[in-house]
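Side chains included, hydrogens not; waters and symmetry mates left out as well; all remaining heavy atoms used. In this chain, residues are counted from 1 in sequence order.
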Amino acid sequence: RRPLEVRGQIVPVELRVGISRPDPRCGSAMERISRARRALALASAGHPVRIHDRTVEAQLHLRHLVSDDLPRLLRDNLSAIYQPILDLRDNEVVGAEALMRIDHPSLGRLSPAIVLPLLDDTLQLELTRRMIGHAMATAVEWSARAADVRHVSVNLPPEQLAREELLWMIDDAAIATGADPDMLVLEVLETGIASPTPDSAVRNGLRRRGVRLAVDDFGTGYSTLEQMARVDADMLKVDRHLTAQIGLDEPDATAAAMAVHIGRSRGLPVIAEGVEHAEQLEGLRWLRCRYAQGWFIARPESQEALLQR
């Protein structure tokens, strides 16, 4: 996943693989190739290698069932749940990450892994608009009940950092909810936030509004201290796969420590994702990581439950 640098521009490189295992019931080479292609269709940045099995066929069938219904689902069936973020200095919840949920009338709750690959550019913008609205409405109500301002983050596709519509959506949500834009944090994958020039106008607009950018899944891409100096971000979120190795005698435990160190050396707040055990939490405190989130701290919860914190 190490990127290419072409004339001063970072060009992310991704590899995705679909695999078809030998199967006596698979009668021809063409059918085996077809199975590999179907598995490839479900590979993602988080799971770049996909092996064909029954679940692949089931997920593809589910995609087919919901693909024509997506505009209505985003309009009528989209909601948000929230995973709290803990300040490790005083064990206070200070923010949350908003996660999309879509409940289909007959198929039940749809996984984001099913929905997101089906969204075209227009629907992706609509999803972002609605999630920003949910997040800012929650942030303003939560802050009114709490002793200080609470921040809510939303995942953002990297390509939308170059879209001026992003600023309009934030302004509209601020007017509709009464929230200050500085209550919002936008999470962008590490490989998508490193480009220094194409989206500078939008980034400047975000900065004027006080909206912060977080590097999501940090530590699984390519950033070094030198490269991080060129990344226009306000906080880092350490990838859950690195957090999982804290407390174990594994190379990735060292990688987690380095990821925290990179953030601290830049003076950026660092949030460790995917905390599932007490040992990981204590290890993060020892590394002087400021914030953490994960199932050990709190599972994603409804807005009503979050507002009670």
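Note on W286 and L281: same hydrophobic cluster, where clusters join Ile, Leu, Val, Met, Phe, Trp and Tyr whose side-chain heavy atoms are under 4.5 Å apart, directly or indirectly. No single ILVMFWY cluster, assembled from side-chain heavy atoms under 4.5 Å apart, contains both L99 and Y291. Cluster membership check: F296 does not share its hydrophobic cluster with I271, using side-chain heavy-atom separations under 4.5 Å among Ile, Leu, Val, Met, Phe, Trp and Tyr. Both L86 and L307 belong to a single network of hydrophobic side chains, linked directly or stepwise wherever heavy atoms of I, L, V, M, F, W or Y lie under 4.5 Å apart. The same ILVMFWY cluster, assembled from side-chain heavy atoms under 4.5 Å apart, contains both M136 and V202.
Atom CD of Q303 and atom OG of S79 lie 10.5 Å apart (nearest 0.5 Å). With rounding to the nearest 0.5 Å, the separation of CG in L306 from CD in E304 is 9.5 Å. Once rounded to the nearest 0.5 Å, the distance linking CZ of R288 with NE2 of H261 reads 11.5 Å. With rounding to the nearest 0.5 Å, the separation of CG in L110 from CG in N77 is 8.5 Å. Atom-to-atom distance recorded for I102:CD1 and L107:CG is 12.0 Å, nearest 0.5 angstrom. Considering CZ of R212 and CG of L184, their distance stands at 9.5 Å, rounded to 0.5 Å.
The salt bridge (charged side-chain N to carboxylate O under 4.0 Å, His left out) pairs that include a residue from residues 103-116 are D103-R109, where partners are two or more places apart or lie in different chains. Sorted by first and then second residue, the pairs that involve residues 110-124 and meet side-chain hydrogen bond (donor to acceptor under 3.5 Å, both in side chains), not counting sequence neighbours, are D121-R163. Annotation: salt bridge (charged side-chain N to carboxylate O under 4.0 Å, His left out) contacts involving residues 168-181, sequence neighbours excluded, comprise D171-R209.
Between K237 and A214, the shortest heavy-atom contact is CG-CB, 4.3 Å. Pairing each heavy atom of M235 with each of L268, the nearest pair is CA-CB, 4.2 Å. Taking every heavy atom of both residues into account, A96 and Y82 meet most closely at CB-CB, 4.1 Å. Across every non-hydrogen atom of H52 and R35, the tightest pair is CD2-O, 3.5 Å. Closest heavy-atom contact between I85 and E97: CD1-N, 4.3 Å. Pairing each heavy atom of D234 with each of V211, the nearest pair is OD2-O, 4.3 Å.
Side chains of E126 and R75 form no contact here, defined as non-hydrogen atoms less than 4.5 Å apart. Between P158 and V188, the closest side-chain pair of non-hydrogen atoms falls below 4.5 Å. For the pair P105/L73, a side-chain contact is recorded, criterion being any heavy-atom separation below 4.5 Å from C-beta on. Between D69 and H104, the closest side-chain pair of non-hydrogen atoms falls below 4.5 Å. Between P71 and L123 there is a side-chain heavy-atom pair separated by less than 4.5 Å. Contact annotation: the side chain of L119 approaches that of L74 to within less than 4.5 Å [non-hydrogen atoms, C-beta and beyond]. Between L166 and I132, some side-chain heavy-atom pair lies under the 4.5 Å cut-off. Side-chain contact between E273 and D216 is present, with heavy atoms from C-beta onward closer than 4.5 Å.
Tested against V238, the residues D217, V215, V260 include a single side-chain contact (heavy atoms from CB on, under 4.5 Å) partner, V260. In summary, of the residues considered (R150, R290, R285), a salt bridge (Lys or Arg N to Asp or Glu O under 4.0 Å) with D87 occurs for R290 alone. In summary, of the residues considered (L116, I81, V154), a side-chain contact (heavy atoms from CB on, under 4.5 Å) with M100 occurs for L116 alone.
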Going through the distances and angles, do T243 and Q280 end up as a side chain to side chain donor-acceptor pair (under 3.5 Å)?
CA-CA 7 Å; T243 302; Q280 295 166 357; over 6 Å; no

Test side-chain contact (heavy atoms from CB on, under 4.5 Å) on N155 and L189 and set out the steps.
CA-CA 9 Å; N155 289 282; L189 289 175; over 6 Å; no

Using the side-chain contact (heavy atoms from CB on, under 4.5 Å) rule, take Q160 and E165 through it: C-alpha gap first, then chi angles, then the decisive distance, then the call.
CA-CA 8 Å; Q160 290 185 6; E165 294 99 318; over 6 Å; no

Using side-chain contact (heavy atoms from CB on, under 4.5 Å), reason through L161 and L213 one step at a time and then give a plain yes or no.
CA-CA 10 Å; L161 271 179; L213 288 179; 3.9 Å; yes

Checking side chain to side chain donor-acceptor pair (under 3.5 Å) for the pair S153/H151: CA distance, chi angles, key distance, verdict?
CA-CA 7 Å; S153 63; H151 302 88; over 6 Å; no

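Remark: the backbone N or O of M30 is not paired with any side-chain donor or acceptor of S34 at under 3.5 angstrom. Put simply, the side chain of S143 never gets that close to the backbone of V140: no donor and acceptor are under 3.5 Å apart.
Residues that satisfy the side chain to side chain contact (heavy atoms under 4.5 Å, CB included) test with I19, not counting sequence neighbours, are V17, V49, I51. Every residue meeting the side chain to side chain contact (heavy atoms under 4.5 Å, CB included) condition with A298, not counting sequence neighbours, appears here in chain and number order: P84, R309. R50 is linked by a salt bridge (charged side-chain N to carboxylate O under 4.0 Å, His left out) to nothing, counting only residues two or more places apart in sequence or in another chain.
Within a 6.0 Å radius of CZ in R54, other residues, nucleotides and ligands contribute 12 heavy atoms or fewer.
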